[in-house]
Amino acid sequence: MLDYNKLAEMLYPNVDKNINKYFQKYPSRNLLKDAVVTRFAPSPTGYLHIGGLFQCVTHEMLSKKPTSVFYLRLEDTDQKREIENAGDLLYDTILKFDIVPNEGYRGNRDDKGIYGPYVQSERLEIYQTFAKYLVAKGRAFPCFCEKCEDKEDIVAKREQEIENNNTTIDHDPCRKISLEEIEENLAMGKPFALRLLSKGNPNAIMEFDDLIKGKRKIRENGKDIVLIKNNGIPVYAFAHVVDDTLMGTTVIVRGEDWFQSVASHIELFRAFGFDEIPYLHTPNICKTEEGKKRKLSKRKDPEADCRFYIQDGYPVVAVKEYLLNLLNSDFEDWRRENPNKYYKEFPFAVEKINTGNPVFDIVKVNDVSKDYISRLSSKEVYQQLLAWAKEYDTEFAELLSKNPEYSMNVFDIERGGEKPRKDIYKWSMVREYYNYMFEDFSKLNINFKELINIDNELIYKILHTYIVLFEETLTKEEWFDRMKKMADKHGFCSDNKAYKANPEAYNGNLSAFCNLVRYAFTGKTNTPDLYSICCVLGKDELFNRLDVLKKKLK
RNA sequence: GGUCCCAUGGUCAAGCGGUUAAGACAUCGCCCUUUCACGGCGGUAACAGGGGUUCGAUUCCCCUUGGGACUACCA
């Protein structure tokens, strides 16, 4: 048996092993009943992943009760994978999704809250103290090996160990190292990794209660896992246990990929003598490829990058509502019954989260988004669209802000009422969709031959008559009556039965007539209500457009 | 390989021992209709397979199969 106090002093001569000062520095939180402290703890290894956003939505929904805390912690303990400014970028994207943690890391700005620092690389001193404490408790030991996995002889040594002892317990051979040997290594200035001295038995089963998976029987940990790397930086497990304890986390939300390691994390909590914190393992968002399901990959899948949705102009609420629906599938029922409520009012239930890994479906996102946008007022559409355009399509932003009232009138067409139009699902599609309302009309590609086979003179005559008879003060019915009369006068047929009986006798039916007018003034065969469009354009503009068309009709 | 997780239509999913097995998206058809939509109505489409337990299994247990994840001094 080693003298662990002595070992602790050897390993960490200038470090305080009194962890209590930290518990004094970071007092326990005053929480009201049902309040939770939850945290999002990404690594600065790239952009915000859709799975991260998925978790953020979970955090938002969990931390609604008064005094609850949702804080952000940056887990930058892997320098090899770290990407410069990724932390900033992450925070920036989180804010863009209108997710506002009320504590913690804030990118370029100072951390907020008294439990910091919230960036792990700034907490090394704390980790050293806790490491020394653990060594003194006899629950950790140094390992001077190079990376074991690279060294066949060490692996062989471990296997031999297992065989000799007739056990399956995979203790690290270095736990038998003598004080003398340690002293020698230290004197040579050899760096060491700190390992957990596991007392678990992987053949023994213990009970574990996951907040969404429920009660599970899992194997005890038996591995002497690395706690602190030989560069002095802790690994996830160690930092997680120390930080979440010190920061007063009450529920640990993390991806399901961590499920396998809970046994070791629990052992660490116990080794320290800390209270265990409940875990909630969320499913991973997948996609199907060649008939197989796989986790959405950062490298391969553009839709895994949350910035994709921002750039493409998906309203952030729509994306979050889609994710929320993945979490609690009765959300859409609630949404239908409460079309005007804010999504956070939804009675979220942890136990309703599905345990399987869902496949991400952009078509469904589109649908949720269409629905969301259809519920907005024209002013809200204008504001959100403009905000998007200012960042991603400045030319369009200028067109939009040239005349805000006009723009809002455009978006007001077929908006509101019982059955609002549901056509737009992302801001980036608006410019093309409404190009006839915002762009230079003379630049639109209009070719009547592609639409209808009647001569140009007649077309011109029809359009001219249309404008002359057009008045903004008409009701829709009156306008439509005029359309019928005009159609009949120009060789079209407003009586569908008569038309069907003898289509050869006419230039087309009423539908064709209306479509001709639509096409002439918009260049499209698919637009919202024609009369409303003409009203928004105004009679003068219609005449302007006819002038342009005149040349094409010569 | 080992360990763990998951398994209802194309997708998300209700269901938690007895149901004509919900609903949404997608898809198809019809209706409404001045186009396109929106909307309405309807259709196609599922309990992976095999054993148990039970009067009775989609539901509980086991096995198989399929898929996923973990298995780092990465998170």
* What interatomic distance, in whole Å, is found between P of B/rC60 and the corresponding atom of B/rC5? -> 15 Å
* To do: Send over the distance from A/Y425 OH to B/rA26 C1', rounded to a whole Å.
  => 14 Å
* Asked: Given that both distances must come in under 3.5 Å, which nucleotide forms a Watson-Crick or G-U wobble pair with B/rU3?
  -> B/rA69
* Length of the CZ-C1' vector between A/F360 and B/rA26, whole Å -> 15 Å
* Closest nucleotide among B/rG23, B/rC25, B/rA75 to the A/D333 side chain -> B/rG23
* Does A/W479 have its ring centroid less than 6.0 Å away from the ring centroid of A/F470? -> no
* Tell me what A/F480 touches on the nucleic acid: a base, only sugar-phosphate, or nothing, going by heavy atoms under 4.0 Å. => base
* Structure fact -> Rounded to whole Å, CD1 of A/I373 lies from C1' of B/rC38 at a distance of 15 Å
* To do: Could you state the atom-to-atom distance from CG of A/N221 to P of B/rG2 in whole Å?
  => 20 Å
* **Candidate nucleotides B/rU11, B/rC73, B/rA69, ranked by approach to the side chain of A/C143 - the nearest** => B/rC73
* **Phosphate contact (B/rU11 OP1 or OP2) by A/K287 side-chain N/O below 4.0 Å** => no
* Quick one: do A/D481 and A/K485 make a salt bridge, cutoff under 4.0 Å? -> no
* Given B/rC25, B/rC74, B/rA24, which nucleotide is nearest the side-chain atoms of A/D367? -> B/rC25
* **Side chain of A/V363 - closest among B/rA75, B/rG39, B/rC25** => B/rC25
* To do: Applying side-chain contact (heavy atoms from CB on, under 4.5 Å), run through A/K287 and A/E303 and close with a yes or a no.
  => CA-CA 10 Å; A/K287 77 178 289 178; A/E303 71 269 38; 3.1 Å; yes
* Asked: Of the candidate nucleotides B/rU71, B/rU35, B/rA24, which contains the atom at the shortest distance from the side chain of A/E332?
  -> B/rA24
* Asked: Within the structure shown, what part of the strands sits under 4.0 Å from A/P44 by heavy-atom distance: base, sugar-phosphate, or nothing?
  -> nothing
* Determine, for A/K352 against A/D330, whether the closest basic-nitrogen to carboxylate-oxygen distance falls under 4.0 angstrom. => yes
* Do A/R421 and B/rC38 share a donor-acceptor pair, side chain to base, under 3.5 Å? -> no
Using nucleotides 6-10 of chain B, report all nitrogen or oxygen pairs with the protein that are shorter than 3.5 Å.
unit_1	atom_1	unit_2	atom_2	d
B/rC6	OP1	A/R216	NH1	3.1
B/rC6	OP1	A/R216	NH2	2.9
B/rC6	OP2	A/R216	NH1	3.2

* Asked: Taking a pair as Watson-Crick or G-U wobble with both distances under 3.5 Å, which nucleotide is matched to B/rC38?
  -> none
* Asked: So which nucleotide from B/rA14, B/rA75, B/rA37 ends up closest to the side chain of A/S43?
  -> B/rA75
* Using whole Å, report how far CG of A/D495 lies from P of B/rU33. => 14 Å
* To do: Check whether any side-chain N or O of A/T77 sits under 4.0 Å from OP1 or OP2 of B/rA75, and answer yes or no.
  => yes
* Mark yes or no for a side-chain to base donor-acceptor pair under 3.5 Å between A/Q260 and B/rU71, with no hydrogen or angle criteria applied. => no
* Between B/rG66 and B/rG50, how far apart are the C1' atoms? Round to whole Å, please. => 15 Å
* Asked: Are the ring centres of A/Y279 and A/H281 closer than 6.0 Å?
  -> yes
* Asked: Any side-chain N or O of A/K364 under 4.0 Å from OP1/OP2 of B/rU11?
  -> no
* Asked: At under 4.0 Å between heavy atoms, what does A/S261 touch on the DNA or RNA strands: base, sugar-phosphate, or nothing?
  -> nothing
* Closest listed nucleotide, where the reference is the side chain of A/R518 and the choices are B/rC70, B/rU34, B/rC74 -> B/rU34
* Can a donor-acceptor pair be found between the side chains of A/R73 and A/Y71 at a distance below 3.5 Å? -> yes
* Nearest-nucleotide pick for A/S511, side chain only, options being B/rU34, B/rC5, B/rC74 -> B/rU34
* Asked: Any side-chain N or O of A/R219 under 4.0 Å from OP1/OP2 of B/rC4?
  -> yes
* To do: Consider the side chain of A/F259, meaning its heavy atoms from C-beta on, and name the nucleotide among B/rA24, B/rC4, B/rC73 that approaches it most closely.
  => B/rC4
* To do: Specify the separation, in whole Å, of atom NZ of A/K80 and atom P of B/rA72.
  => 14 Å
* May I ask you to say what A/P420 touches in the nucleic acid, namely base, sugar-phosphate or nothing, with a heavy-atom cut-off under 4.0 Å? => sugar-phosphate
* To do: Measure the distance from CG on A/L326 to P on B/rA24 and round it to the nearest whole Å.
  => 18 Å
* To do: May I ask which nucleotide in the shown strands pairs with B/rC60, Watson-Crick or G-U wobble, both distances under 3.5 Å?
  => B/rG52
* Asked: A/E414 near the nucleic acid: base, sugar-phosphate alone, or nothing, with a heavy-atom cut-off under 4.0 Å?
  -> base
